[in-house]
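Here the structure is laid out as structure tokens; the discussion comes afterwards.
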Amino acid sequence: MKTQQRKTSFFLTFFILFLFWVIFSGKFDSFHLSLGVISCFLVIWITSDLLLVTPDMAKFIRLFMGFTLYIPWLIWQIVLSSIHMIPIILSPEIEKKINPRIIKIKSRVRDEVGLVTFANSITLTPGTITVAANIHGDMTIHAIDDECAASLPGDMGEKIAKLFAD
Amino acid sequence: MILPIDLIVLVLVIVSAVAAITVKDLLSASVMLGAYSFLLCLLWTVMGAVDVAFTEATVGAGVSTVFCVSAIFHTTRRTKD
Amino acid sequence: MELIETVKHMFLFIAAKANYWTYVILLMVGLYAMIAKNNLVKKIVGMTIFQTAVILFYVSIGYKKDASIPIVMHGSGHGHAADAAIRAADYINPLPHVLMLTAIVVGVATLGVALALAIKVYKEYGSLEEDEIHKQLRSR
Amino acid sequence: MDNLILYSAIVLAILMAIPLYRAVIGPTVLDRFMGVSAIGTQTTVLLIMIGFMYHRVDMFIDIALAYALLNFISVLAASRYFHKQKGLTEEIKS
Amino acid sequence: MKILGKITILLCGGLLLFFTSDFPDFGDANSPASTHLSPYFIEHTLEDTAVPNVVTSVLADYRGYDTMFETTVILTAGLACFLLLKIPTKEVKQRYYRHEPTGVTLRIEGDRYPDKSAVFTRIDSTWVPSDMIINFTCRILISFIQIFALYVVAHGHHSPGGGFQGGVLLGASVILFAISGNLRAAIKQFGEKTAALFGAAGVFIYVGTAALCLALGENFLNYSALAPLLGTDRIMARSHGILSVEIGVAVAVMAVMIWIYYNLSSAGKQDEGL
Amino acid sequence: MTVYISGLLIVGGLFFFLIGSIGMIRLPDFYSRLHAAGIIDTMGLLLSMSGLALLILSDFNLGNILSALKIILIVVFIYLTSPTATHAIVDAGIRAGLKPWSKK
């Protein structure tokens, strides 16, 4: 990594961590803020290679904007599928309503962040669970009934693919 | 005002403690110990002991179950009682 | 009318002492596991329950009804003159919390030592059951 | 409003019995883990409700945050255990 | 044994249940435990130490000796775990290596192991491929757990928290790293000797702060003596002294938790494990 | 006004907690029970936490805004950790050889 990129990455990481510190702390006197700066340096020094923020500023901003648009949609999706689960759980003959199955899908995303986002979104939506996922985009999914199984990859896959397309 | 929650949680604590020593599987026993510590944290919060509850939260959720699982990993899960 | 009064009285009596009864039950559950269970890890689990019952007892004697948590509400951060209004009855007794806070962390450290002992015993005898270990010890 | 928080806290505390039931009887160990993590989530909400009852919410949020961050470590450890112990005949028997 | 145990617990439990009627009621403000010493702590904590959280001020200041020896006890527990399980690394007879381009696993016996190689990587005997989702999420979360832990240590004065909680959180973050990746990577980052040294260093920070007060001409653990060093008044000096002590406790607890985890999860080999 | 909305949200959260809990008991096997546990972790938590955050914000000052942000952070962290835990536990079940329940 070049020096310039490393510098950008460092500043982004520092900014994010310090934002979290301020939200946690809620004290704005100089003593606590300086403690926050020291703590952020300490955390970056310990976990320098763990929290990898992308060194490219433009890509970071694009991802950030994409996520702010994606998360409300995801929450709406969670609400819809939770409501879809209610009659299944409350029905008197529960074993007729469900039809658990394991399906395999292929995602177009090759990015690690994108794949993990996709897998976690699938698991967060009630009715589908990611059983396995690998870096090549193969995913194994456990779905509780036909409707949930038919909804994949669907809109979610499209949105993720658009978000992480280079 | 807070007393009803206290009484309900006390019942749950006894149930999980009895379950922790009666299950016939050591991994299950350590899991039930985790549930027991969650409920204890709740009980201490009800009593207003926030620092104690915080300690129990970090210890019970983060460390003690992991210790038990890693010890069972090197010994065995079977138990006669 | 008298019946309702009696029931209310009973409920208050139970509510005042139910915590102590629970601690006694937990203490006995832990003690029983330590005495009668055959497995070493079960004994360790019993020891943890025993310990937490004692800790629960200590914390509960510090509780005061309608009092706040033991973090003093302060206007100025420095507090030279602002403390005239602090009344001890408004805050829960902090002393048992201090004693028991350290006890929990020491408890988890001793849990680690006990589990290390269990691993050592398993390596030596190939079993965690007390009677099998005794049998092996006798046959030596 | 205080009454609403109190009653919802009581209802939530009673609801905690159901995951605990699953954790106590659960046929496999994994069921127990599932029940315990559900208990953890409900505890997180209940802690903040208790904070409202003491009128000092800001002091109780930290505990809930610690739970949110640490609740899954034990599940990961158990998953690790099942990855590494390939035989798992013990699992099927119980 | 079971019958004897049942009789014992029935007797003990009956006696204890009988005598609970003599205890003060639950929530009694006038119980003996709450009337003698603790009102002093609550009423004087702000004017003595400028710390609103009474638990922290009692823990680190009024009863500082107690906490100092508790920290020592925790260090001793870590040491006991280490001494109980210690195995010389020489006893590990065989090692497994994986040839990265082809994915072949090799088992090598004897003493001559390839140390550093471009294509061979050392793996556990019970190796499983690492999971992408778990790895990625843990990698993101570890930083946040650590910043939260440092916040907890630094703000023990104003909200619940302090050295013990922050230390356990820091330890949990390293344990999470060891669980999500493998144990050897964690040991490479934060070794066993480092853990032992940090444990001792934490106790040393505690005792050193106290001894500095002694050197400056006041009592052991009387942090007011630090005022000329810190350039503040005597009350704020107590507050800062408490912070330094909490940092010591946090370092010691973190190191000991990690140390115990290393020993337990590798059964003393410090090499491969859960 | 906000107080009533937050009350409604909290009650909705409790309803989803109830649904998830019932599902955890009624569904036939481990894998399908996890779907019910997912409702507790996502929907119940989201609704009740947003209700509580709104309740804090009914008294509007800087400290309360930060408290509400912290509550939102709890939701964010649980949304990160809960799917990971679910994935890990499903993976463990598959490796343990636990067969999924199916209709025939």
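Below, read A as the first sequence line, B as the second, and so on, with proteins coming before strands; counting in each chain starts at 1. Note that the structure is predicted; figures quoted are calculated from it, not measured. When reading the values below, keep in mind they use all heavy atoms of this one structure, side chains included, and skip hydrogens, waters and symmetry mates.
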Problem set entry | side chain to side chain contact (heavy atoms under 4.5 Å, CB included) partner of D51(B), the single match among I104(C), L101(C), I69(C) |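 The single option meeting the side chain to side chain contact (heavy atoms under 4.5 Å, CB included) with D51(B) is L101(C).
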
Are M47(B) and L56(C) close enough that some pair of their side-chain heavy atoms sits under 4.5 Å apart? yes

*Heavy-atom distance under 4.5 Å between the side chains of Y58(C) and V52(B), does that happen here?*
no

If one checks every heavy atom of V9(B) against chain C at 4.5 Å, the contacting part turns out to be neither

Turns out that what part of L40(B) lies under 4.5 Å from chain C's heavy atoms comes down to side chain

Interatomic spacing from [atom1] in [X] to [atom2] in [Y] - rounded to 0.5 Å:
X: T75(B); Y: K123(C); atom1: OG1; atom2: NZ; result: 11.5 Å
X: Y32(C); Y: I21(B); atom1: OH; atom2: CD1; result: 7.0 Å
X: N19(C); Y: D6(B); atom1: CG; atom2: CG; result: 4.5 Å

Contacts of F57(C) meeting side-chain contact (heavy atoms from CB on, under 4.5 Å) (sequence neighbours excluded), chain-then-number -> Y20(C), Y23(C), I61(C), F23(E)

Write down the atom of [X], the atom of [Y], and the distance for their closest heavy-atom approach.
X: V108(C); Y: S64(B); value: CG2-CB, 4.0 Å
X: G48(B); Y: P70(C); value: O-CD, 3.5 Å
X: A17(B); Y: V29(C); value: O-CG1, 4.2 Å
X: V46(B); Y: Y63(C); value: O-CE1, 4.0 Å

Segment of I49(C) engaging chain B (4.5 angstrom heavy-atom cut-off) |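 Its backbone and side chain both get close to chain B.
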
Honestly, the part of A67(C) sitting under 4.5 Å from a heavy atom of chain B is neither

Original post:
Can you list the residues that meet the salt bridge (charged side-chain N to carboxylate O under 4.0 Å, His left out) rule with K120(C), with sequence neighbours excluded?
Top reply: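 Not a single residue meets the salt bridge (charged side-chain N to carboxylate O under 4.0 Å, His left out) criterion with K120(C).
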
Subject >> Full working for side chain to side chain contact (heavy atoms under 4.5 Å, CB included) between V41(C) and T79(B) >> reply: CA-CA 9 Å; V41(C) 176; T79(B) 171; over 6 Å; no

Within residues 90-97 of chain C, the residues sitting under 4.5 Å from chain B by heavy atom, in sequence order, are I92(C), H97(C)

Requested in this report: Pick whichever of I25(C), T52(C), L111(C), I14(C) has the most heavy-atom pairs under 4.5 Å with chain B.
Outcome: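 Option with the greatest count: T52(C).
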
Counting only heavy atoms not in K135(C), do more than 12 fall under 6.0 Å of its NZ?
no

- Task: With a 4.5 Å heavy-atom cut-off (strictly below), which parts of residues 26-36 of chain B touch chain C? List them by number.
- Result: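 Result: L26(B), A29(B), L33(B), Y36(B).
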
Item to check | NZ/NE/NH1/NH2 to OD/OE distance under 4.0 Å, E132(C) and K80(B) | outcome: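 Between K80(B) and E132(C) there is a salt bridge, with a charged N closer than 4.0 Å to a carboxylate O.
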
**Message:** Using modelled atom types and a 3.5 Å cut-off, is there a donor and acceptor pairing between side-chain atoms of K37(C) and backbone atoms of T22(B)?
**Reply:**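 A pair under 3.5 Å: no.
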
